[in-house]
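Before any comments, here is the structure.
Here is how names work: the chains are called A, B, and so on, in the same order as the sequence lines, proteins then strands, and each is numbered from 1. All of these numbers come straight from a predicted model, not from anything done at the bench.
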2 protein chains.
Amino acid sequence: MSYYVTMGRTPPHPEVSQFDLQQVLEALVDPVRRSIVTQLDSAGEDIKCGDFDMPVTKSTATHHFKVLREAGLIRQYYVGTARMNALRRAEMDEAFPGLLDALTTPARQPA
Amino acid sequence: MSYYVTMGRTPPHPEVSQFDLQQVLEALVDPVRRSIVTQLDSAGEDIKCGDFDMPVTKSTATHHFKVLREAGLIRQYYVGTARMNALRRAEMDEAFPGLLDALTTPARQPA
DNA sequence: GCAAAAGTACGATCGCTGTCAAACTTCGAC
DNA sequence: GTCGAAGTTTGACAGCGATCGTACTTTTGC
């Protein structure tokens, strides 16, 4: 367990300047992934992969986290064997003002 | 050419109370459809199907308009042989405040 | 060291959707 | 009425992406 090894397990994260609207929308259009974002937003704190409420297997969950991470929506880091997930709120707001607000705010009319 | 016939050609439109976020996002995730919405928004007036700048054939365009209409994003009506398209801005804002703003406002950071 | 826990990687399905071409319908103009 | 313009409908096709199971890796705790 060295610092180097830990870094080697840190996946790549895009910078704000690299955020792409198309990619972000493709990430958010999936209900499971949108639920992940919503849970992170309402929790207000980082959540480990295994602690989300999700109707899919672990391998599928890994896929969803990867899509969210590569779009810039979440930041992932390890704590022991657990992978923590943090919502990149401020950075998303900087790139796409109002977008996350519109999606995390409960809708007015719809059922 | 009677009033009845004209009505018979009017396609069904959902009411605001029936708008569904999932459906709206699925409509807006497609670049061609998002471009349609953007063009309507910046034009500020109704546009006929044939007057949009689109990289697809007519039959594909028909499909895209249908998806947008069924999601509640546009309202369609006939004027002669031309089918006009109106952005349902106010109704969308009522159902999902800030969503269209976030998508029609040019992004800050991204390329 | 070893086993268990937590995720990841890889292949394989499988359904959905964006696309087109071709045939058809509707309306307006002449 | 005939013709052209404008869209629609239908069927086919291709590619993508969500899903799962299985095998693998990494770390912690004993």
Side-chain angles (χ1 to χ4, degrees), chain A residues 1-13 20 22-37 46-71 73-86, chain B residues 1-13 20 22-37 46-71 73-86:
Chain A
M1 193 279 281
S2 68
Y3 177 76
Y4 177 77
V5 171
T6 298
M7 284 297 99
R9 290 230 292 164
T10 298
H13 290 80
D20 176 65
Q22 183 62 35
Q23 197 176 356
V24 170
L25 286 181
E26 283 171 4
L28 291 173
V29 77
D30 185 279
V32 175
R33 289 194 289 265
R34 208 161 60 251
S35 170
I36 292 175
V37 170
D46 300 357
I47 303 178
K48 49 181 285 196
C49 290
D51 284 357
F52 284 90
D53 183 17
M54 284 201 281
V56 295
T57 64
K58 283 202 297 181
S59 56
T60 299
T62 296
H63 165 66
H64 286 310
F65 286 120
K66 180 182 179 186
V67 172
L68 288 172
R69 185 186 68 237
E70 293 181 341
L73 281 157
I74 62 172
R75 186 175 296 280
Q76 293 192 294
Y77 58 96
Y78 277 96
V79 175
T81 63
R83 193 166 211 171
M84 300 297 299
N85 302 275
Chain B
M1 194 277 283
S2 67
Y3 178 75
Y4 177 75
V5 170
T6 298
M7 283 297 99
R9 290 230 292 165
T10 298
H13 290 80
D20 176 63
Q22 184 60 37
Q23 197 175 355
V24 170
L25 286 181
E26 283 170 4
L28 291 172
V29 78
D30 185 278
V32 175
R33 289 195 289 265
R34 208 160 61 250
S35 170
I36 292 174
V37 170
D46 300 357
I47 303 179
K48 49 182 287 198
C49 290
D51 285 356
F52 284 90
D53 182 18
M54 283 201 283
V56 295
T57 64
K58 284 203 297 181
S59 57
T60 300
T62 296
H63 165 66
H64 285 311
F65 287 119
K66 181 182 180 187
V67 172
L68 287 172
R69 185 187 68 235
E70 293 181 342
L73 281 158
I74 63 173
R75 186 174 298 279
Q76 294 191 293
Y77 58 96
Y78 277 96
V79 175
T81 62
R83 193 167 211 172
M84 300 297 299
N85 302 275

Exercise for the section: Report the residue (A:Gly80 or A:Val29) whose heavy-atom-nearest nucleotide on DNA chain D is the more 5′ of the two. Expected result: A:Val29
Problem - Between P of D:dG15 and CG of B:Asp30, the distance in whole Å - result: 17 Å
Problem - Donor-acceptor pair under 3.5 Å, A:Ser59 side chain vs D:dG21 base - result: yes
Practice task
Let me know the distance between OH of A:Tyr78 and C1' of D:dT25, rounded to the nearest Å.
Solution key: 9 Å
Practice task
Calculate the interatomic distance between A:Gln76 atom CD and C:dA6 atom P; express it in whole Å.
Solution key: 16 Å
Exercise for the section: Please determine if a side-chain N or O atom of A:Thr57 lies less than 4.0 Å away from the OP1 or OP2 oxygen of D:dC20. Expected result: yes
Exercise for the section: When you get a sec, tell me which of D:dA18, C:dG7, D:dT26 is the closest nucleotide to the side chain of A:Thr81? Expected result: D:dT26
Exercise for the section: Would you confirm whether B:His13, through its side chain, and B:Glu70, through its main-chain N or O, come within 3.5 Å as a donor-acceptor pair? Expected result: no
Completion exercise
Between CD of B:Glu26 and C1' of D:dA18 the distance, given in whole Å, is 13 Å
Handout entry: Options D:dG7, D:dA18, C:dG18, nucleotide nearest the side-chain atoms of B:Arg33
Key = C:dG18
Completion exercise
Rounded to whole Å, CD1 of B:Ile74 lies from P of D:dG7 at a distance of 12 Å
Practice task
Starting at atom NZ of B:Lys58, determine the distance to atom C1' of C:dG18, rounded to an integer number of angstrom.
Solution key: 19 Å
Completion exercise
Distance col, row A:Asn85:CG vs A:Asp46:CG, nearest 0.5 angstrom, shows 8.0 Å
Problem - A:Arg69 (side chain) donor-acceptor with A:Ile74 (main chain) under 3.5 angstrom - result: no
Practice task
Drop me the distance from B:Leu25's CG to A:Glu26's CD, to the nearest 0.5 angstrom.
Solution key: 12.5 Å
Exercise for the section: Would you mind classifying the nucleic acid contact of A:Lys66 as base, sugar-phosphate or nothing, using non-hydrogen atoms under 4.0 angstrom? Expected result: nothing
Problem - Below 4.0 Å: OP1/OP2 of D:dT10 and any side-chain N or O of B:His63 - result: no
Handout entry: Nearest-nucleotide comparison on DNA chain D, the residue closer to the 5′ end among A:Val79 and A:Val67
Key = A:Val67
Exercise for the section: Go through C:dT19, D:dA18, C:dA6 for me and flag the one nearest to the B:Thr60 side chain. Expected result: C:dT19
Problem - Gap between atoms OH and C1', on B:Tyr77 and C:dT26 respectively (whole Å) - result: 18 Å
Exercise for the section: With the side chain of A:Val56 defined as its heavy atoms from C-beta on, choose the nearest nucleotide among D:dT19, C:dC20, D:dG7. Expected result: D:dT19
Exercise for the section: Starting at atom NE2 of B:His64, determine the distance to atom P of C:dT17, rounded to an integer number of angstrom. Expected result: 13 Å
Problem - Main-chain N/O of B:Lys58 paired with B:Thr62 side-chain donor or acceptor, under 3.5 Å - result: yes
